[in-house]
Amino acid sequence: ATLYLWLRVPNGDSGRDYALRLLEEGIVVSPGNMFSIANNGGEYIRLAMVPSLEECKETVDLWRNLR
């Protein structure tokens, strides 16, 4: 089984734009509209929690420093 986290993107960005911004930092997520048919699916990103715990911690550190 895989654990997924659905997060609303900040500042009214689209999930696609935010996912691309994270990808530039080496953080791979999926835009919510790839999976959701709901109108607000584009306001979310989906994270698959499959890396090791250490890799997840490193990613969180990268994400915190993203401006």
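This one's a predicted model, so the numbers in the text were calculated from it and none came from an experiment.
- When all heavy atoms of Gly15 and Ile45 are compared, the closest pair comes out as O-CG2, 3.7 Å.
- Each of Leu3 and Val60 belongs to its own hydrophobic cluster when Ile, Leu, Val, Met, Phe, Trp and Tyr are linked at side-chain heavy-atom distances under 4.5 angstrom.
- Enclosure of atom CZ in Arg46 by more than 12 non-hydrogen atoms of other residues, nucleotides or ligands within 6.0 angstrom is indicated.
- Hydrophobic clustering (ILVMFWY, side-chain heavy atoms < 4.5 Å, transitive): Leu22 and Leu62 are in one cluster.
- Between Phe35 and Ser30, the shortest heavy-atom contact is CE1-CB, 3.4 Å.
- To the nearest 0.5 angstrom, Ile27 atom CD1 is 6.5 Å from Leu66 atom CG.
- Using the six-membered ring where Trp is involved, Trp63 and Tyr18 have ring planes that are tilted, between 30° and 60° apart.
- Proximity of a side-chain donor or acceptor of Glu55 to a complementary backbone N or O of Ser52 within less than 3.5 Å is detected.
- Note: the hydrophobic cluster containing Leu23 does not contain Met34 (ILVMFWY, side chain heavy atoms under 4.5 Å, direct or indirect links).
- Here the CD-OG1 distance, from Glu54 to Thr59, works out to 10.0 Å after rounding to the nearest 0.5 Å.
- Here the side chains of Leu7 and Leu47 are in contact, with some heavy-atom distance below 4.5 Å.
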